[in-house]
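In what follows, a structure is listed as structure tokens, so that the remarks can point back to it.
Keep in mind that what you see is a predicted model, and the values were worked out from it rather than measured.
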Amino acid sequence: MGYMRYRPSQNKPLMCSGAVNQYWMGLNEMLLYIWEEYKKPSGEELWKGLEIGAYMGESTQMFLSSGLFRGGFTVIDSWTLGQHGEQTNDRFWVDIKNQFEHNVRIFEDESWWSGENLKVIRGWSQNSHVEIKDDSLDFIYIDGDHSYEAVKRDLELYLPKLKKGGLMCGHDYDKEAWLGCCEAIDEVIGKPEKVFMDSSWIKQIY
């Protein structure tokens, strides 16, 4: 079985608060909020989504499992050395990429999709925006480099990719842990409409 930090456990999960896996529950909370509060995909209007920064693919799996993005889903991640050398925390990047592939393996089957299949772009977000058409996405989730400069750059580069009324979302709107990330979001698009248990955030863009 593959390693997945987001899976529920009877024991205290990794990266959680107390006995509650706030990351798993928070992302589910956001997806349910989207389903209830915004336009719902139909046979004639299939949502297309993008995730910047997938790591092991736990969130990717949850996005795909929601059924919201049957128009196609794209992932951008470098899975490479970068500033962390050959590994980050206690894991090697090659193992992280292998876990991503394990966690999303079922969604590479075209029978899951009414539109385009899962597309993975291995590269840096500041270069990969050229592969995404303007005004083509209903949903973007930013969870890459969390520095002020990087979050601001990702927002500015990918805002044109959203359709009018599309959802710009991301992770780590937490001013105690990621002040620069929050400042970039507030500056470029304004404060989020809602922040969830896992510090995911959401803003509809017109």
Side-chain angles (χ1 to χ4, degrees), residues 6 22-42 45-55 57-77 115 119 121 124-206:
Y6 283 21
Q22 66 195 59
Y23 295 92
W24 185 82
M25 292 182 67
L27 204 56
N28 271 295
E29 181 188 15
M30 187 187 79
L31 289 166
L32 181 60
Y33 181 82
I34 291 172
W35 188 265
E36 292 179 339
E37 297 296 326
Y38 299 99
K39 61 179 183 179
K40 298 174 178 61
S42 67
E45 186 179 37
L46 298 173
W47 278 14
K48 292 186 177 183
L50 168 69
E51 180 180 24
I52 299 173
Y55 200 60
E58 304 102 328
S59 53
T60 312
Q61 186 191 84
M62 293 174 71
F63 291 141
L64 297 176
S65 296
S66 73
L68 285 166
F69 308 109
R70 289 185 176 269
F73 198 83
T74 300
V75 169
I76 297 174
D77 202 308
K119 178 179 180 181
I121 300 174
W124 301 103
S125 61
Q126 62 264 37
N127 302 323
S128 301
H129 66 286
V130 297
E131 299 191 41
I132 309 295
K133 292 181 181 179
D134 288 354
D135 193 34
S136 65
L137 299 173
D138 302 277
F139 171 91
I140 297 175
Y141 189 85
I142 297 177
D143 192 18
D145 184 336
H146 287 31
S147 66
Y148 166 83
E149 295 79 9
V151 174
K152 184 173 186 291
R153 180 188 64 225
D154 283 345
L155 286 167
E156 291 175 343
L157 287 176
Y158 288 89
L159 271 171
K161 312 303 178 183
L162 272 180
K163 299 175 184 177
K164 183 178 180 180
L167 303 177
M168 181 64 78
C169 309
H171 195 220
D172 291 312
Y173 193 87
D174 180 344
K175 293 189 176 181
E176 292 186 6
W178 300 104
L179 179 59
C181 176
C182 299
E183 289 178 338
I185 295 164
D186 292 350
E187 179 181 328
V188 178
I189 62 173
K191 294 186 181 298
E193 297 169 18
K194 187 173 179 63
V195 179
F196 302 91
M197 183 187 297
D198 65 329
S199 75
S200 285
W201 55 272
I202 189 168
K203 178 88 171 183
Q204 190 166 24
I205 305 297
Y206 293 99

* When the ring planes of H171 and Y23 are compared, do they come out parallel, tilted or perpendicular, using 30° and 60° as the limits? -> perpendicular

* Who passes side chain to side chain donor-acceptor pair (under 3.5 Å) against S125, sequence neighbours left out? -> D154

* **Closest heavy-atom pair and its distance - K164, D135** => N-OD1, 3.9 Å

* Asked: Under 30°, 30 to 60°, or over 60°: which ring-plane class applies to F69 and W47, parallel, tilted or perpendicular?
  -> tilted

* Set of residues satisfying side-chain contact (heavy atoms from CB on, under 4.5 Å) with respect to D77, sequence neighbours excluded -> A54, W79

* Structure fact -> Here the pair of heavy atoms bringing D198 nearest to Q22 is CB-O, 3.3 Å

* Would you check if W35 and L68 make a side-chain contact, meaning some heavy-atom pair closer than 4.5 Å? => yes

* Considering residues at least two apart in sequence or located in another chain, which fulfil the side-chain contact (heavy atoms from CB on, under 4.5 Å) criterion with K175? -> Y173, L179, C182, D186, K191

* Taking only residues two or more places apart in sequence or in another chain, which ones pass salt bridge (charged side-chain N to carboxylate O under 4.0 Å, His left out) with K161? -> D134

* To do: For residues L27 and S200, report the shortest heavy-atom separation together with the two atoms involved.
  => CD1-OG, 3.7 Å

* **Separation of S199 OG from D174 CG (nearest 0.5 Å)** => 6.0 Å

* Decide yes or no for L31 and F63: does some side-chain heavy atom of the first lie under 4.5 Å from some side-chain heavy atom of the second? => yes

* Asked: From K194 NZ over to E37 CD, what is the distance, rounded to the nearest 0.5 angstrom?
  -> 8.5 Å

* Can you tell me how far CD1 of I76 sits from CD1 of I52, rounded to the nearest 0.5 angstrom? -> 5.0 Å

* **Partners meeting salt bridge (charged side-chain N to carboxylate O under 4.0 Å, His left out) with E156 (sequence neighbours left out)** => K152

* **Test side-chain contact (heavy atoms from CB on, under 4.5 Å) applied to L157 - qualifying residues, sequence neighbours left out** => Q126, H129, R153

* State, with a plain yes or no, whether a side-chain heavy atom of W24 is found less than 4.5 Å away from one of M62. => yes

* Qualifying residues under side-chain contact (heavy atoms from CB on, under 4.5 Å), relative to C169, sequence neighbours excluded -> M30, F139, Y141, L167, I202

* **Heavy-atom pair of closest approach, residues C181 and D172** => SG-O, 3.6 Å

* To do: List in chain and number order the residues that pass ring-ring contact (aromatic ring centres under 6.0 Å, His included) with Y148, two or more places apart in sequence or in another chain; answer none if no residue qualifies.
  => none

* Asked: Atom CG of L155 and atom CG of L162: how far apart are they, to the nearest 0.5 Å?
  -> 10.0 Å

* Is any side-chain heavy atom of T74 less than 4.5 Å from a side-chain heavy atom of L137? -> no

* Asked: How would you list, by chain and number, every residue that makes a side chain to side chain donor-acceptor pair (under 3.5 Å) with S147, sequence neighbours excluded?
  -> D145

* Do I142 and I185 touch side chain to side chain, with heavy atoms closer than 4.5 Å? -> no

* To do: Not counting sequence neighbours, which residues clear side chain to side chain donor-acceptor pair (under 3.5 Å) with E29? List them please.
  => none

* Please round to the nearest 0.5 Å and tell me the distance separating atom NZ of K48 and atom CD1 of I132. => 10.0 Å

* For the residue pair M168 and L159, what are the closest heavy atoms and their distance? -> CE-CD2, 3.7 Å

